[in-house]
Each structure stands twice: as structure tokens, then as C-alpha cells.
Amino acid sequence: MPNVLVTGAQWGDEGKGKIVDHLAARADLSVRFGGGANAGHTLVVGGKKIVLHLVPAGILHPRCKGLVGNGCVIDPASFVKEIAELRAADIEVSEKRLSISDRCHVVTTFQKISDGITGKAIGTTGRGIGPAYTDKVRRAGVRLADVLEGTHLPLLAAQREHYAKLHVGTDLPSEKAVADELAAVVRELAPYIGDVAEETHRAMKDNRAILFEGAQGALLDVDHGTYPFVTSSTTTAGGASSGVGVYVDLHKRVAVLKAYTTRVGNGPFPTELFDETGEKIRAIGHEFGATTGRPRRCGWLDLPALRHAFRLNGVTDMAITKLDVLAGFDTIRVATEHRAGTPVYRDFEGFGSLEGITARDALPAAVTKYLAFLEAELDAKVSILSLGPDRDRTLVFREILGA
Ligand code: GDP
Ligand code: IMO
Ligand code: MG
């Protein structure tokens, strides 16, 4: 059974959650290996919307168990809230259906306060992600295991001292208050906390179908994205092994990309549209962040940026989402290169409504031409075409996971 990576090829929000949910019907595990509650994955099932941040998106399928690997940072209170929301939507959540690595670093109140102050220039999600990874790397983090063992108070005292120096004049709660709150909420999560590396390893030995669920996107990768306007983790294929704790041979690497480009937060975006076309994409595509509600910046597809993302991830399959959003546009543009920093576009003929289309051969000729161009330019096949947020608006051209 294959190990399948599902990863964002742009600046996040490509529709990874929807694609993971689609594939999870045939998967045994859905594993997050990086990021935290900065992610926001919206799933729509029978018209009902579910937003996930750190709980793996495969969990909606009874066959699929969600694992949260050591590469993730966890805000325990936000995680408990997510579990409660899933239960309210009648999704069973138990330790049989969800595990979290005891090596995950905890996002603390101090880190969230700090992100609120220092994250503005980048336009972070304010979830404490940057400071949590920074503290992990400077060996001053708190892991779930520390909280379980009750050794977290001195670690939090040192963190408080650090942030008090960094943000002179900012009110910080006492380390005792933060430690007690953390202990109480981690107690609730205790049944889920375990050895995710071992569980993944065992599943591989047992020939299980495993999805490695990327968060964010290639252009937000801390090493390979539009630094410094990036997140603080490895979002690409290379992060799967270290973020889970077992060598992962990714047999299929699925790049999820929108038929256009969006970005939330600051930083370069060469194909960004500042005119009414950009506004039209935002309005029709409901391009507002699932985590922060911020309007997403919108623009055309950018082939040089995608080539970079595809090389990073060794992409074998494409899942193209939100093509329906472009229906009715006279012209669809794709940047084929950048000359002196300015995109050079190739224009494609528009197409009409894609409603009701459920098969590849029923697609308008203009769509077929557009997809064939992308396949040739990016040297990967379109395996999934998504034409709407709901599960049933998913066209499968090539199966990624067998039955
Ligand atoms: P993720 O972070 O990559 O999982 O993506 P988000 O969930 O943040 O953003 C994608 C948004 O587009 C969500 O609201 C989805 O419900 C929606 N969506 C996904 N695929 C499609 C599609 O093919 N067409 C349309 N119109 N919406 C889609
Ligand atoms: P999903 O998984 C889109 C962006 C933020 C900001 C930068 C750094 O839903 O695709 P951070 O809070 O991580 O320190 O913010 O990264 N960002 C995302 N943008 N989708 C995401 O996740 C994102 N996660 C982080 O907007 O520009
Ligand atoms: Mg998102």
C-alpha cells in the first residue's frame, strides 16, 4: 500500500483538506507532520461545513485514524475545542481514532502574546507558531511529555523571563497560572498522547495506506519559501520523515493547487491582481481565511513558482481545485515566466459553467486545453479535478489509492 503525500503547491489554502478528505475514504492513517493551528482546512460534507486546524482531515472517514506527528506544534486548548466541534458534528473522536506525539511542542500563552506583537510585519496568523518553533530550536520549548510528567513549570518560568525581557512593559500571566491551565487541558488530551513514530512504523510494516497531510504550502516553507514571509516549519515533502519520526518513502506526491493563486499575509506575489478581476475571484471563490477571516490576496497561476514547488516535492500527481471559480471569465491567464521580476502571461480562452459536469470527457474544450497545458508545463498528470467545495464535486482522472 502506498504512502501518499498531499501537499500545498502555493501559499496555502489550496484545498488540501478537501483532497485529503477525498483520499481518506481509502486510507488507514492521515498524518500531520508540521505546522499547527495556523492551518485552516475547510471540509464540506453534504452542505455541512467543518473547519479543522490541527486534527488531521482524514478523521471524517471511520476507516481512517488521524495522527499528529512530532513536527507539529500544538495549542492544547485549541485542539480540545476542535475535538468538541467534531463531536458536535457527530464525528466519533476517541483514542482509537486520534493520536498525538508526546514530542509535539506546546504553544504557550507567552508565545501567542509574542506572536501578536512580532508577527505583524509578516502578517502571521497570531497562533504563536513562530515563537513556538523558535523556542523549540533554541532548546527552550515545552513538549507534551514535559506537561504529562509535570516538569513544565520551570521551563515556563524560563520562557516567561525570556518574553518579559523581549517585550518590556507587556503584561504576562504568571508561569504558575500558565502551567496550571496547561496541565488541566493536557490531562484531557492524555488518552490521545503516545508514540506516533512507532504507530506509523507499525502501519507501514502492516502495509497500510497512509496519507501524509501537508499543511500550509511550498511557498511558505521556512527554507524554500518566500523568506522571510514564510511560516516557521518545513511544509514540503522533506518534512514528512522528521516530522513523524520514521523514514517515509513517499510513493505518490500529490500537489494541490488552485486554478489561480491566493496568499494571506504579507510578502511577494508577482501575479497578484489589484483590479476588479482579483476582487471577482475573491468574491466567487470566498477567498477569506479559515483561521483568521482575513481577505486572501488573489492573482493568476504562476508557473515558475509552481515548478519550484513541484521540484521540492517530487510531484507525481496534481489535484487542481476551484476551477469552477473561473467559469464565466473571458480570459484566464497563466504566468509562464518572470522577466526582470514581471510576469509574462499566456492567455487562455474562458469557459462557461461547469455545474453538473461529472466526467472528464464532458469538460469544455477550453478546460481540456488549459489542463493539457499545465500537465505539459509541469510534467505531472492531473489526477483529481475539484469543481466545488462539496465531496461530490470531485472528478477523478487517475486513482491515487486503490480500493
Ligand atoms: P486548505 O487549507 O488547503 O485545506 O484550504 P482551505 O480549506 O483553507 O481553503 C480552500 C477553500 O476552498 C475551502 O473553503 C474549501 O471548502 C473550498 N474549496 C475546495 N475545493 C473547492 C473547489 O473545487 N471549488 C470551490 N468553489 N471551492 C473549493
Ligand atoms: P493552510 O494549511 C495560508 C501564512 C500566514 C503568514 C505566514 C506566517 O490552511 O493552507 P504563521 O502564523 O504560520 O507564523 O504565519 O504564513 N500561513 C498560511 N497561509 N494557509 C495556511 O495554512 C497558513 N499557515 C500560515 O498567513 O503569511
Ligand atoms: Mg487553509
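For ligands, and for the atoms within them, numbers begin at 1 and follow the listed sequence.
- The heavy atom nearest to atom 17 (N) of ligand 2, considering only L52, T231, N38, L220, is found in L220.
- A cation-pi arrangement is absent between R297 and F269 under the rule of less than 6.0 angstrom and at most 45 degrees off the ring axis.
- T226 contributes a side-chain N or O that, together with a main-chain N or O of L219, makes up a donor-acceptor pair within less than 3.5 Å.
- Taking a cut-off of under 4.0 Å to the non-hydrogen atoms of A39, the atoms of ligand 2 that pass are 1 (P), 2 (O), 9 (O), 22 (O).
- Remark: side-chain polar atoms of T151 are paired, donor with acceptor, to backbone N or O of D146 under 3.5 angstrom.
- A donor-acceptor pair under 3.5 Å links the side-chain atoms of D221 to the main chain of T235, judged by distance alone.
- Not a single N/O/S atom of K16, whether from backbone or side chain, sits less than 2.8 Å from the Mg ion (ligand 3).
- K381 forms no cation-pi arrangement with F397, by the criterion of a distance under 6.0 Å to the ring centre and an angle within 45° of the ring axis.
- Judged by distance alone, with hydrogens and angles left aside, the side-chain atoms of R160 form no donor-acceptor pair with the main-chain N or O of F110 at under 3.5 Å.
- Here the heavy atom of the protein found nearest to atom 24 (N) of ligand 1 is D324 OD1, 2.8 Å.
- Checked against K65 for a side-chain hydrogen bond (donor to acceptor under 3.5 Å, both in side chains), the options S99, S94, S30 give a single hit: S99.
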Criterion salt bridge (charged side-chain N to carboxylate O under 4.0 Å, His left out) on D206 and R202, from CA distance to verdict
CA-CA 6 Å; D206 292 344; R202 205 177 333 115; over 6 Å; no

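- Considering backbone and side-chain N/O of V264, one or more are found under 3.5 Å from N/O of ligand 2.
- Residue contacts with ligand 1 include R296, since one or more of its heavy atoms lies under 4.0 Å from the ligand.
- Atom 10 (C) of ligand 1 has its closest protein heavy atom at D13 O, 3.8 Å.
- Side-chain atoms of Y133 come within 3.5 Å of backbone atoms of G35 as a donor-acceptor pair (strictly under, hydrogens ignored).
- Atoms of ligand 2 found under 4.0 Å from any heavy atom of A215, numbered from 1 in the order shown, are 2 (O).
- For R26 (side chain) and L401 (main-chain N/O), a donor-acceptor pair under 3.5 Å exists by modelled atom type.
- Taking a cut-off of under 4.0 Å to the non-hydrogen atoms of K16, the atoms of ligand 2 that pass are 1 (P), 2 (O), 10 (O).
- If you number the atoms of ligand 2 from 1 as listed, the ones under 4.0 Å from a heavy atom of G265 come out as 27 (O).
- Residue contact annotation: S232 has no non-hydrogen atom under 4.0 Å from ligand 2.
- A donor-acceptor pair under 3.5 Å is absent between the side-chain atoms of S241 and the main chain of Y247, judged by distance alone.
- By the 3.5 Å distance cut-off applied to N or O atoms, K18 is not counted among the residues near ligand 1.
- Under 4.0 angstrom from ligand 2, the non-hydrogen atoms of T125 come from both its backbone and its side chain.
- Taking distance alone, with nitrogen or oxygen atoms compared against 3.5 Å, Q216 approaches ligand 2 more closely than that limit.
- In terms of protein heavy-atom proximity, atom 5 (C) of ligand 2 is nearest to G123 O, 3.7 Å.
- Contact annotation: G40 has at least one heavy atom less than 4.0 Å from an atom of ligand 2.
- Inclusion of E14 in the set of residues having an N or O under 3.5 Å from an N or O of ligand 2 is not warranted.
- Contacts between R263 and ligand 2 below 4.0 angstrom, taking non-hydrogen atoms only, are absent altogether.
- Using modelled atom types, one finds a donor on one side chain and an acceptor on the other under 3.5 Å when comparing H167 with S114.
- Of all the heavy atoms of L323, none lies under 4.0 Å from any atom of ligand 1, so neither backbone nor side chain is involved.
- Side-chain atoms of N313 come within 3.5 Å of backbone N or O of A309 as a donor-acceptor pair.
- Within D13, the N/O/S atom positioned nearest the Mg ion (ligand 3) carries the name OD1.
- Of the N or O atoms in T124, none lie within a sub-3.5 Å distance of an N or O in ligand 2.
- What sits closest to atom 12 (O) of ligand 1 on the protein, heavy atoms only, is K322 NZ, 3.0 Å.
- Of all atoms in ligand 1, numbered sequentially from 1 with element shown, those under 4.0 Å from a heavy atom of G17 are 4 (O).
- Counting heavy atoms under 4.0 Å from ligand 1, residue T42 touches it through both backbone and side chain.
- If you number the atoms of ligand 2 from 1 as listed, the ones under 4.0 Å from a heavy atom of D13 come out as 1 (P), 3 (C), 9 (O), 10 (O), 20 (N).
- Contacts with ligand 2 closer than 4.0 Å are made by no heavy atom of R127, backbone or side chain.
- Looking only at distances, no side-chain donor or acceptor of K322 sits under 3.5 Å from a matching main-chain atom of E14.
- Without hydrogens or angle criteria, R296 side chain to R263 main chain gives no donor-acceptor distance under 3.5 Å.
- For N266, no nitrogen or oxygen atom sits less than 3.5 Å from a nitrogen or oxygen atom of ligand 2, counting backbone and side chain alike.
- The closest approach between any non-hydrogen atom of R296 and ligand 2 is not below 4.0 Å.
- Donor-acceptor pairing under 3.5 Å is recorded for the side chains of D115 and T124.
- The closest side-chain donor-acceptor pair between T262 and K258 falls under 3.5 angstrom.
- Donor-acceptor pairing under 3.5 Å is lacking for the side chains of N38 and T125.
- For ligand 2, the atoms lying closer than 4.0 Å to a non-hydrogen atom of V230 are 7 (C), 8 (C).
- Contact annotation for K16 and ligand 1: heavy atoms of both the backbone and the side chain come within less than 4.0 Å of the ligand.
- In the vicinity of W11, heavy-atom distances shorter than 4.0 Å reach the ligand 2 atoms 3 (C), 19 (N).
- Residues V31 and L211 form no side-chain contact, since every pair of their non-hydrogen atoms from C-beta on lies 4.5 Å or further apart.
- Looking only at protein heavy atoms, the nearest one to atom 26 (O) of ligand 2 is R294 NH2, 2.9 Å.
- Close to ligand 1: G40, with a non-hydrogen atom less than 4.0 angstrom away.
- Within a 6.0 Å sphere centred on CZ of R311, heavy atoms belonging to other residues, nucleotides or ligands number 12 at most.
- Using a non-hydrogen distance threshold of 4.0 Å, G388 registers as a contact of ligand 1.
- The ligand atoms of ligand 1 that sit less than 4.0 angstrom from a heavy atom of S386 are 20 (N), 21 (C), 22 (C), 23 (O).
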